[in-house]
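Note sheet for the following structure.
Only heavy atoms go into these numbers, but all of them, side chains included; no hydrogens, no water, no symmetry mates. Fair warning: this is a prediction, and the values are worked out from it, not measured in the lab. Atoms within each ligand, like the ligands themselves, are counted from 1 in listed order. We're numbering straight along the sequence, starting at 1.
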Amino acid sequence: MREMTLSILKPDAVRRNITGAINSYFEKAGLSIVAQKRIKLPYEQAEAFYAVHKERPFFQSLCKSISSGPVVVQVLSGDGVIALNRKIMGATDPANADHGTIRKDFALSIEENSVHGSDSPENAAKEIQFFFSEIEIIP
Ligand code: ATP
Ligand code: MG
């Protein structure tokens, strides 16, 4: 089933100028980038985006990290793209990520792990709406 998911290339990836290298992983897997923009998240917006994690011990540090520099937010489209993107990204902690995944190849740490991807259809819909209006998404 054709789906859409929200992807973020995090500040650690933008800082190292590897957004194109990461995008090639999506494109090689047959996913399409149907919306994409470079933005800088204010800290308050990072808190809103990561609200589900607000009770976790790393919440403040995570919000600081994602708002520390520009990010590239994007909408990916493809068959089963939500689960497929998580597979391409690899495990949250790069130490546990499979070979050939983005996080294995690029992540610096469990926190600066280069990419974010929505984890369910409900969250994908919410997260896409958080960053994009309908006219910015060109399937
Ligand atoms: P994401 O939601 O970013 O796609 P994920 O679903 O693999 O990643 P979550 O458990 O949702 O991981 O955590 C969200 C983000 O919080 C992670 O991507 C990572 O940057 C950070 N994070 C997760 N666990 C830790 C931890 N133990 N210490 C520091 N940061 C963490
Ligand atoms: Mg998550």
Item to complete: Provide, to 0.1 Å, the distance between atom 8 (O) of ligand 1 and the closest protein heavy atom, together with that atom's residue and name.
Response: Arg103 NH2, 3.2 Å
Worksheet, complete the sentence: atom 21 (C) of ligand 1 has as its nearest protein heavy atom Leu62 CD1, 3.7 Å
Worksheet item: Among Met89, Lys10, Glu111, whose heavy atom sits nearest atom 30 (N) of ligand 1?
Response: Glu111
Worksheet item: Roughly how far, to the nearest 0.5 Å, is CZ of Arg15 from CG of Leu108?
Response: 8.5 Å
Worksheet item: Has the side chain of Lys10 got a donor or acceptor atom that lies under 3.5 Å from a matching backbone atom of Ala107?
Response: no
Worksheet item: So if you build clusters from Ile, Leu, Val, Met, Phe, Trp, Tyr with side-chain heavy-atom gaps below 4.5 Å, do Ile88 and Val72 land together?
Response: yes
Worksheet item: Under a heavy-atom criterion of less than 4.0 Å, does Asp119 contact ligand 1?
Response: no
Worksheet item: What residue and heavy atom of the protein are closest to atom 2 (O) of ligand 1, and at what distance?
Response: His116 ND1, 3.1 Å
Worksheet, complete the sentence: Under 4.0 Å between heavy atoms, the region of Asn113 that gets near ligand 1 turns out to be side chain
Worksheet item: Which residue supplies the protein heavy atom nearest to atom 26 (C) of ligand 1, what is that atom called, and how far is it?
Response: Phe58 CD2, 3.5 Å
Discussion item. Checking a contact table here: which protein heavy atom is nearest atom 27 (N) of ligand 1, and how many Å away?
Written reply: Ile110 CD1, 3.7 Å
Worksheet entry | CD-CD1 distance between Gln74 and Ile22, expressed to the nearest 0.5 angstrom | 8.5 Å
Item to complete: Check whether any side-chain N or O of Asn123 sits under 3.5 Å from a backbone N or O of Ser120 as a donor-acceptor pair, and report yes or no.
Response: no
Worksheet entry | Linked, directly or transitively: Phe49 and Val71 (ILVMFWY side chains, under 4.5 Å) | yes
Discussion item. Starting from Val75, can I reach Met89 by hopping between I/L/V/M/F/W/Y residues whose side chains sit under 4.5 Å apart?
Written reply: no
Response to the item:
The protein heavy atom nearest to atom 7 (O) of ligand 1 is Thr92 OG1, 2.5 Å
Item to complete: Closest by any non-hydrogen atom to atom 10 (O) of ligand 1: pick that one out of Arg86, Arg56, Glu127, Glu112.
Response: Arg56
Worksheet item: For atom 4 (O) of ligand 1, which protein heavy atom lies nearest, and how many Å away is it?
Response: Gly117 N, 2.9 Å
Discussion item. Give me the nearest non-hydrogen protein atom to atom 13 (O) of ligand 1 as residue plus atom name, then the distance to 0.1 Å.
Written reply: His53 NE2, 3.7 Å
Discussion item. According to salt bridge (Lys or Arg N to Asp or Glu O under 4.0 Å), does anything in residues 75-90 pair up with another residue at least two apart or in another chain? List the pairs.
Written reply: none
